[in-house]
Amino acid sequence: MTMPSETAVKTWINLARAYGTAMTEINEALAANGLPPLIWYDILLELERAGDDGLRPYELEHALLLKQYRVSRLVDRIARDGYLRRQSCDDDRRGKRLVITDEGRALRRSMWQIYGAKIHALVGHKLSDAQSRKLAALLAELTG
């Protein structure tokens, strides 16, 4: 078994810290403004991108890389609050499609005001565009 170099370990620690700090700050800012957690934004954004046809639950799970049980609970809550609706599938009588509502679109836009400002504060304010492009390319190598 190959062990990571000290540099790789330091990189991993810094990456984990940066991610943890960012997620904490973003979720705290959303909560301070009476908004739901960031995962709601991600769900609403995927549904908005899907358009009028929406997504099947498994498609949403795949897009978000979340487990089925977690997506089900979140979808139940978001639907209960009126930000998405379930509609029947034309090609599968038992299946459902998840579709964002107008209220969901408005909520996602409100969340983006806070989220976007935090992205600027955490990344855009601290790194130049050239540095951001370089970091984005390096991170893409880790995920691609």
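- A distance-only check finds no donor-acceptor pair linking the side chain of E141 to the backbone of L138 [under 3.5 Å].
- By the 4.5 Å side-chain criterion applied to Ile, Leu, Val, Met, Phe, Trp and Tyr, V9 is assigned to a cluster that also includes I13.
- Applying the side chain to side chain donor-acceptor pair (under 3.5 Å) criterion to D81, with sequence neighbours excluded, gives R77.
- Sorted by first and then second residue, the side-chain hydrogen bond (donor to acceptor under 3.5 Å, both in side chains) pairs involving residues 22-38 (not counting sequence neighbours) are E25-K118.
- L45 has its side chain out of reach of I100: every pair of non-hydrogen atoms, C-beta onward, lies at least 4.5 Å apart.
- With sequence neighbours excluded, the residues that form a side-chain contact (heavy atoms from CB on, under 4.5 Å) with A79 are L84, R86.
- By the side chain to side chain donor-acceptor pair (under 3.5 Å) test, E48 is found to be paired with R108, residues two or more places apart in sequence or in another chain being considered.
- In the displayed structure, D129 atom CG is contacted under 6.0 Å by at most 12 heavy atoms of other residues, nucleotides or ligands.
- Within 6.0 Å of CH2 on W112 lie more than 12 heavy atoms contributed by other residues, nucleotides or ligands.
- P57 has its side chain within reach of L98: a pair of non-hydrogen atoms, C-beta onward, lies under 4.5 Å apart.
- When side chains are defined from C-beta on, S132 counts as touching V123, because their heavy atoms get closer than 4.5 Å.
- The closest donor-acceptor contact from the side chain of R97 to the backbone of D53 lies under 3.5 Å.
- With sequence neighbours excluded, the residues forming a side-chain contact (heavy atoms from CB on, under 4.5 Å) with A130 are S128, R133, listed by chain and number.
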Show your working on side chain to side chain contact (heavy atoms under 4.5 Å, CB included) between K126 and Q131 and close with a plain yes or no. CA-CA 9 Å; K126 295 179 180 180; Q131 289 172 316; over 6 Å; no
